[in-house]
Amino acid sequence: MNPLRFAGAGLGFRRELIPALKTRVPDAIDFFELAPENWIDMGGAYGRDLRGFTERYPFVCHGLSLSLGGPSPLDEMLLHKTRQFMDAHGIQLYTEHLSYCSDDGHLYDLLPIPFTEEAVKHVAARIRRAQDILERRIAIENASYYTASPVAEMDESAFIRAVLDEAGCDLHLDVNNVYVNSVNHRYDSLEFIRALPTERIVYMHMAGHYNEAEDLLVDTHGADVIDPVWALLDAAYRIHGAAPTLLERDFNIPPLAELVREVEHIARIQAAHQANEQTVRAS
C-alpha cells in the first residue's frame with residue numbers, strides 16, 4: 001500500500017468520532033493521527049472502519065509506550081508489530097515522546113530524562129534501533145514534564161538538539177508542551193522555539209491544558225487551545241515555516257463540529273504564513 005502524503009491540518013483519530021466521520025469528513029481535516037498501541041491487532045467493526053479511513057486519508061502514528069529514555073530493554077516486539085501495522089495501512093511517519101514511561105513495568109506517565117551526555121547517547125542508541133526495526137526515520141516529540149531532573153549538564157533545548165544529531169532523527173514539535181513547560185519551569189517559550197533546528201521539524205501538535213495553579217499547568221489534551229498557545233503556533237510558523245499540524249483532544253471530547261473549528265484555526269494560520277512566503281518569493 002503506497003503511503004499517502006500528509007500535509008496541512010489534522011485531527012487525532014478517536015473511536016468516539018468515527019460515526020460522525022463516517023457521515024462526512026470535514027474539508028478542514030487533511031490527515032489523522034493514531035496511537036498504534038490502540039489499534040494493532042484490532043479486528044471487527046473498528047478494524048474495518050480504520051481500513052476505510054487509511055485507504056482514503058493520510059495517517060501518522062504517534063506512539064505512547066516505547067519509553068525511549070527508559071532503563072528497561074527496548075520493546076522490540078512492539079516495534080516489529082508497529083512496522084507491520086504501518087506497512088499494512090500505508091503509514092510512513094512514526095513519532096514518539098522524548099521521555100520514558102516504564103521501568104520493569106509501565107508507569108502510566110511520561111517522565112523527564114536527565115539532560116546529560118550519557119542520556120543523549122542512551123536515548124539516541126534506542127532511537128537508532130527503533131528506526132532500524134521500523135525501517136523509517138522517526139521523529140521525537142518534546143514532552144511536558146513537571147519535575148526537573150536533579151542532574152543536568154545542559155538545558156532542554158540543547159538536549160533535544162544533541163539527541164537529534166546523535167540519533168539522526170527528526171523533531172515533532174508540540175507547541176502546547178513548550179508553553180506548559182515554559183510556565184512550569186519559568187523559561188521563555190519563544191526563545192525555546194527559536195533554539196530548535198528548522199530542518200528537523202516535520203510535524204507539530206496543538207492541544208489544550210489544565211490550569212492547576214498560576215505557576216502549574218497540566219498537559220491534559222482535554223480542553224480548548226488558549227490564545228497564548230495559538231500565538232505561539234503563529235510564532236513557530238514565522239520562525240520555522242508552516243509544518244503539518246494536528247489538534248490533539250484525548251478526553252472531554254466535544255462533537256466533531258466543535259473540534260473542526262480548532263482544526264480550521266490551524267489551517268487559517270498556515271494559509272496566512274504560506275501566502276506570506278509566496279509573496280516573499282515573488283518579490
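Just so it is clear, the structure is predicted and the values come from calculations on it, not from any experiment.
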Looking only at the side chains, is there a donor atom on one of [X] and [Y] sitting less than 3.5 Å from an acceptor on the other?
X	Y	result
Glu248	His221	yes
Ser65	Glu37	yes
His273	Asp234	yes

Using modelled atom types only, decide if a donor and an acceptor are shared between the side chain of [X] and the backbone of [Y] within a distance under 3.5 Å.
X	Y	result
His240	Ile193	yes
Glu16	Ile253	no
Asn181	Ala143	yes

Are Arg261 and Glu264 within salt-bridge range, i.e. N to O under 4.0 Å?
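No salt bridge links Arg261 with Glu264.
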Give a yes/no verdict on a cation-pi contact between Arg136 and Tyr94, requiring under 6.0 Å between NZ or CZ and the six-membered ring centre and an angle within 45° of the axis.
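No; the conditions do not both hold, so Arg136 does not lie above the ring face of Tyr94.
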Does Arg56 make a cation-pi contact with Phe53 (under 6.0 Å, within 45 degrees of the axis)?
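Yes - Arg56 lies over the ring of Phe53, closer than 6.0 Å to its centre and within 45° of its axis.
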Could you tell me how the ring of His185 sits relative to the ring of Tyr145: parallel (under 30°), tilted (30 to 60°) or perpendicular (over 60°)?
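The arrangement is parallel - the two ring planes meet at less than 30°.
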Among Ile266, Asp224, Val260, the one residue meeting side chain to side chain contact (heavy atoms under 4.5 Å, CB included) with Leu247:
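Only one option passes, and that is Ile266.
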Quick one, Asp165 with Arg161, criterion salt bridge (Lys or Arg N to Asp or Glu O under 4.0 Å). Give me CA distance, side-chain angles, the key distance, then yes/no.
CA-CA 6 Å; Asp165 288 342; Arg161 293 194 305 272; over 6 Å; no
